[in-house]
Amino acid sequence: MERTLSIVKPDGVKKNVIGQVIARFEKNGLRVVGLKLATLTKAQAEGFYAVHRARPFFASLTEFMTSGPVVLMALEGEGAIKKVRDLMGATDPKKAEVGTIRADFADSIEANIVHGSDAPETAAFEVGYYFNALELI
Ligand code: GDP
């Protein structure tokens, strides 16, 4: 069993596809073990994406991530980290495989609907960043 952090980004919440994103995770054997709706502060978004601080799109990305409410969720399942990444598709929706969340719902490389942790260490950091032990089942 593995845990990972996923986010329905502000564009996903605005497009009213929260349920469709979660349904894809549930249909693929993942279980929601933590869930909250929140509007991130700039500082929270900057801390979350600290590894990208030097990238040219950092300011734009943190602006986007604070532009409206997001859904934060912890997911559990066998191979959960890779499973979520596979269901999300490539960062750029134009390059995402047919049938992935980003191919189906996303508009751009930045506004790409969904986040998923990319490795065990980042998953542990990211779940802990948004959830404390009492908020996880
Ligand atoms: P992910 O793991 O597929 O989410 O991609 P990354 O970790 O590389 O990037 C984190 C997030 O930054 C992506 O999901 C996008 O929202 C955004 N992003 C990545 N690459 C670019 C880019 O080239 N331009 C812009 N504007 N945003 C980007």
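Numbers here are sequence positions counted from 1. When reading the values below, keep in mind they use all heavy atoms of this one structure, side chains included, and skip hydrogens, waters and symmetry mates.
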For the backbone of Asn28 and the side chain of Lys83, can you confirm whether one donor and one acceptor N or O come within less than 3.5 Å of each other? yes

State which residues pass side chain to side chain contact (heavy atoms under 4.5 Å, CB included) with Lys82; sequence neighbours excluded, sorted by chain then number. Asp86

For residues 57-80, which residue pairs qualify under salt bridge (charged side-chain N to carboxylate O under 4.0 Å, His left out), counting only residues two or more places apart or in two chains? Arg3-Glu76, Lys42-Glu63

Listed by chain and number, what are the salt bridge (Lys or Arg N to Asp or Glu O under 4.0 Å) partners of Lys95, not counting sequence neighbours? none

OG (Ser6) and CG (Leu87) are apart, to the nearest 0.5 Å, by 9.5 Å

Side-chain cluster (under 4.5 Å, hydrophobic types only) that Val51 belongs to, other residues: none

Partner set under side chain to side chain contact (heavy atoms under 4.5 Å, CB included) for Phe58, not counting sequence neighbours: Glu46, Tyr49, His52, Arg53, Thr62

If you round to the nearest 0.5 Å, how far is NZ of Lys9 from CG of Asn112? 3.5 Å

Go through the steps for Ile7 and Val114 under the test side chain to side chain contact (heavy atoms under 4.5 Å, CB included), then give the verdict. CA-CA 5 Å; Ile7 304 175; Val114 69; over 6 Å; no

List in chain and number order the residues that pass salt bridge (Lys or Arg N to Asp or Glu O under 4.0 Å) with Arg102, two or more places apart in sequence or in another chain; answer none if no residue qualifies. none

Are Ile101 and Val71 connected in the hydrophobic side-chain network, where two residues link if heavy atoms are under 4.5 Å apart? yes

Name all residues meeting the salt bridge (Lys or Arg N to Asp or Glu O under 4.0 Å) criterion together with Glu110; count only those two or more places apart in sequence or in a different chain, and write none if there are none. none

Minimum heavy-atom separation for Ser67 and Pro10, please, with both atom names. OG-CB, 3.5 Å

Sequence neighbours left out, what passes salt bridge (Lys or Arg N to Asp or Glu O under 4.0 Å) with Lys15? Give chain and number order. Asp107

Scanning both residues in full, the closest heavy-atom pair of Ala123 with Ile81 reads CB-CD1, 3.8 Å

Taking all non-hydrogen atoms of both residues, which atom of Thr66 and which atom of Ala45 are closest, and how far apart? CG2-CB, 3.9 Å

Contacts of Ser117 meeting side-chain hydrogen bond (donor to acceptor under 3.5 Å, both in side chains) (sequence neighbours excluded), chain-then-number -> Thr4, Glu126

Below 4.5 Å, heavy atoms only, C-beta onward: do Val33 and Phe131 meet side chain to side chain? no

ILVMFWY cluster, Val127 and Met65 together (side-chain gap under 4.5 Å): yes

Asn132 atom CG, over 12 foreign heavy atoms within 6.0 Å: yes

When every non-hydrogen atom of Ala74 is compared with those of Leu136, the smallest separation belongs to CB-CD2, 3.6 Å

Is there a donor-acceptor pair closer than 3.5 Å between any side-chain N or O of Ser60 and the backbone N or O of Phe57? no

Interatomic spacing from CG in Asp11 to CD1 in Ile113 - rounded to 0.5 Å: 4.0 Å

Heavy-atom closest contact (Leu30 atom, Ala80 atom, distance): CD2-CB, 3.6 Å

Hey, any chance Phe64 and Met88 share a hydrophobic cluster, counting ILVMFWY side chains that come within less than 4.5 Å of each other, even indirectly? no

How is the hydrophobic cluster of Val98 composed, in terms of its other members, when Ile, Leu, Val, Met, Phe, Trp and Tyr link through side-chain heavy atoms under 4.5 Å apart, directly or indirectly? none

Under the ring pair (Phe, Tyr, Trp, His ring centres under 6.0 Å) test, residues paired with Phe48 that sit two or more places apart: His115, Tyr129, Tyr130

Can you get from Val70 to Leu5 by hopping between Ile, Leu, Val, Met, Phe, Trp and Tyr side chains that sit under 4.5 Å apart? yes

Distance (rounded to the nearest 0.5 Å) between Leu35 CG and Leu37 CG: 8.5 Å

N/O donor to acceptor pairs below 3.5 angstrom from side-chain atoms of residues 18-27, sequence neighbours left out:
from, atom 1, to, atom 2, distance (Å)
Arg24, NH1, Gly99, O, 3.1
Arg24, NH1, Asp104, OD2, 3.0
Arg24, NH2, Asp104, OD2, 2.8

Shortest non-hydrogen separation from Pro93 to Ser108 and the atoms involved: CD-O, 3.3 Å

